[in-house]
Amino acid sequence: MSSGGGRELRLCLLPGDGIGPEVVAAAMAALTAAGERFSFRIAAQTAAIGGAALRSAGEPLPAATRQAALGAQAVLLGAVGAPEFDGEPKARKPETGLLELRQLLGCWANLRPVRRLAGRTPLRDEVAAGADLIVLRELIGGLYFGEPRGFADNGQAAFNTLRYSVEEIERLARFGFALARRRRRKLTSVDKANVLETSQLWRQVFQRVGAEYPDVALEHMYVDNCAMQLILNPRQFDVLATENLFGDILSDEAGVLAGSLGLLPSASLGGQVGIYEPVHGSAPDLAGKGWANPAGAILSAAMMLRHSFPLEAAATAVETAVTDTLAAGVLTRDLAPPEAAFATTDEFTRAVVGRLRG
Ligand code: NAD
Ligand code: IPM
Ligand code: MN
């Protein structure tokens, strides 16, 4: 079904910290305009996560937030993280709230699409032009969640565990091959198999599963080389499938291809309720200034319409409104030339909403 038929979309909104509330408000404005055009309504319940939740409830993912997320059809999240909690233990870190949420909702597949969109990039045009890839990041395993972990020897040492099971790797591999089939049929599995046992297992599993997808070209690449290839020749990539930490790092790097980290959206899938959030963080340096680029959050809302409902025509309309706004030269501060005038978060959002209203 491409039109909403008057239905109600039940969302859990988690604005979070820093610029999170600003970009979530922008995404909601775009969703509301899309709903008027495609005949759906948004019923949103807002809850606290991250530093905001630590301040109001003493924990980064309070029970009320867990309940709101589990009861929604999709979660739209801004960002978490605030400098005041930087020195705190794990249980009192805003980031812990986000990691617990991903685990609670079983979101093991994180899609981070990257296309050259607009604005400044330090890369020459002939390098970045035409880049169109998707980072498929494993999201609830690896070093982020492995046990045991902690500090030892009176704080003189610290350790984390990098562990992956065949099952965790295999489900991501199948997701990646199916995704590549709907794109340009190339999958690059990124690992560090020359050093790490987890990567050796990763490579074996991708090799075995890949035999079931003979129409998809599978290649293996070491993560250090991949980091270099991404900015040397990004057009060689279609789907990049990788473990949690590698995917975190490579996706920020890929933001440079798009034009700004503020442009990148994401979808976290695999469980009953998907999480949609921009790739960027809470950018405390920008908060409250009207400088945040809301495109990543608005494009995340488009991914939500596509993957959770699915309202494909509305998703495409939101994406087109964003790309047309950028193409018309409405650029936030991160995209505009250094001394030039730039659009505020609200001005950019109004331009997108105006295009959606037609
Ligand atoms: P960041 O992504 O917040 O910022 C990195 C750089 O990109 C900064 O220069 C920032 O100004 C710029 N930037 C980010 N988003 C932008 C936007 N929408 N528009 C324009 N410019 C933008 O990363 P950081 O500075 O390393 O981390 C800040 C905090 O955010 C930390 O607490 C970190 O843990 C957290 N964080 C959260 C998430 C998340 O919630 N998903 C992701 C990354 C970092
Ligand atoms: C991201 C962020 C998170 C991560 C942090 C805030 C926990 O950097 O979504 O990319 O590392 O996954
Ligand atoms: Mn990150």
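Here the structure is a predicted model, which means the values were calculated and not measured. Whatever order the structure lists them in is the order used to number ligands and atoms, beginning at 1.
- Residue Ala79 has at least one heavy-atom neighbour below 4.0 Å for each of these atoms of ligand 1: 40 (O).
- Of all protein heavy atoms, the one lying nearest to atom 37 (C) of ligand 1 is Val80 O, 3.0 Å.
- Judged by the shortest distance from any of its heavy atoms, Arg112 lies inside the 4.0 Å radius around the atoms of ligand 2.
- Judged by distance alone, the side chains of Tyr276 and Ser308 do bring a donor and an acceptor atom under 3.5 Å apart.
- If you look at Asn293 next to ligand 1, the close heavy atoms, those under 4.0 Å, come from the backbone and the side chain alike.
- In this structure, a donor-acceptor pair under 3.5 Å is present between the side chains of Tyr144 and Asp248.
- Atom CG of Leu101 is separated from atom CD of Gln103 by 10.5 Å, given to the nearest 0.5 angstrom.
- In this structure, atom 9 (O) of ligand 1 is in close contact with the protein, since a protein heavy atom lies within 4.0 Å of it.
- Judged by distance alone, with hydrogens and angles left aside, the side-chain atoms of Arg333 form no donor-acceptor pair with the main-chain N or O of Ala341 at under 3.5 Å.
- Taking a cut-off of under 4.0 Å to the non-hydrogen atoms of Leu98, the atoms of ligand 1 that pass are 39 (C), 40 (O), 41 (N).
- Here the protein heavy atom with the shortest distance to atom 34 (O) of ligand 1 is Glu95 OE2, 2.4 Å.
- Among protein heavy atoms, atom 29 (C) of ligand 1 sits closest to Ser282 OG, 3.2 Å.
- At a distance under 4.0 Å, a protein heavy atom can be found next to atom 41 (N) of ligand 1.
- Near Glu277, the atoms of ligand 1 lying under 4.0 angstrom from a non-hydrogen atom of the residue are 41 (N).
- Contacts with ligand 1 closer than 4.0 Å are made by heavy atoms of both the backbone and the side chain of His280.
- When only modelled atom types and interatomic distance are considered, Gln229 and Asn233 share no side-chain donor-acceptor pair under 3.5 Å.
- A side-chain donor from one of Trp202 and Ser189 sits under 3.5 Å from a side-chain acceptor of the other.
- Between the choices Glu95, Glu277, Arg102, the shortest heavy-atom distance to atom 9 (O) of ligand 2 belongs to Arg102.
- When the shell of 6.0 Å around CD of Gln272 is examined, it contains 12 or fewer heavy atoms from other residues, nucleotides or ligands.
- Ligand-side atoms of ligand 1 in range of Gly81: 32 (O), range being under 4.0 angstrom from any heavy atom.
- With a 4.0 Å cut-off on non-hydrogen atoms, Asp285 touches ligand 1 through its side chain and not its backbone.
- Per-atom contact check: atom 3 (O) of ligand 1 touches the protein, criterion being a heavy-atom distance below 4.0 Å.
- Aromatic ring pairs are classed by plane angle as parallel below 30°, tilted from 30° to 60° and perpendicular above 60°; the pair Trp108 and Phe175 is perpendicular.
- Residue contacts with ligand 1, taken as heavy atom pairs separated by less than 4.0 Å, involve Pro284 solely via side-chain atoms from C-beta onward.
- Those atoms of ligand 1 with a heavy atom of Ala283 less than 4.0 angstrom away are 3 (O), 10 (C), 11 (O), 14 (C).
- Contact atoms of ligand 1 toward Gly262: 17 (C), 18 (N) (distance under 4.0 Å to a heavy atom of the residue).
- Scanning the protein heavy atoms around atom 2 (C) of ligand 2, the nearest turns out to be Asp248 OD1, 4.0 Å.
- Looking at Asp252, Ile19, Asp334, it is Ile19 that brings a heavy atom closest to atom 16 (C) of ligand 1.
- At a 4.0 Å heavy-atom cut-off, ligand 1 does not touch Arg333 at all.
- The nearest N, O or S atom of Asp248 is closer to the Mn ion (ligand 3) than 2.8 Å.
- Contact annotation: Val279 has at least one heavy atom less than 4.0 Å from an atom of ligand 1.
- Counted by atom type alone, Ser260 and Asp334 present one or more donor-acceptor pairs between their side chains at under 3.5 Å.
- Paired with Thr320 under the rule side-chain contact (heavy atoms from CB on, under 4.5 Å), one option of Thr316, Val322, Val318 passes, and it is Thr316.
- Listed by number with element, the atoms of ligand 2 under 4.0 Å from a non-hydrogen atom of Tyr144 are 4 (C), 11 (O), 12 (O).
- Counting only N and O atoms by type, the side chains of Glu219 and Thr188 include a donor and acceptor under 3.5 Å apart.
- Which parts of ligand 1 touch Leu261 is read off a 4.0 Å heavy-atom cut-off, strictly below it: atoms 2 (O).
- When hydrogens are left out, the protein atom nearest atom 44 (C) of ligand 1 is Gly281 CA, 3.4 Å; that is the closest non-hydrogen contact.
- By the definition of a contact as any protein heavy atom under 4.0 Å away, atom 12 (C) of ligand 1 is not in contact.
- Closest approach of Leu11 and Met28 over heavy atoms only: CD1-SD, 4.5 Å.
- Nearest protein heavy-atom neighbour of atom 21 (N) of ligand 1: Leu286 CD1, 3.3 Å.
- The closest approach between His280 and ligand 2 stays at or above 4.0 Å for every heavy atom of the residue.
- Under the 4.0 Å distance rule, the nearest protein heavy atom to atom 24 (P) of ligand 1 falls outside the cut-off.
- Closer than 4.0 Å to atom 6 (C) of ligand 1 lies none of the heavy atoms of the protein.
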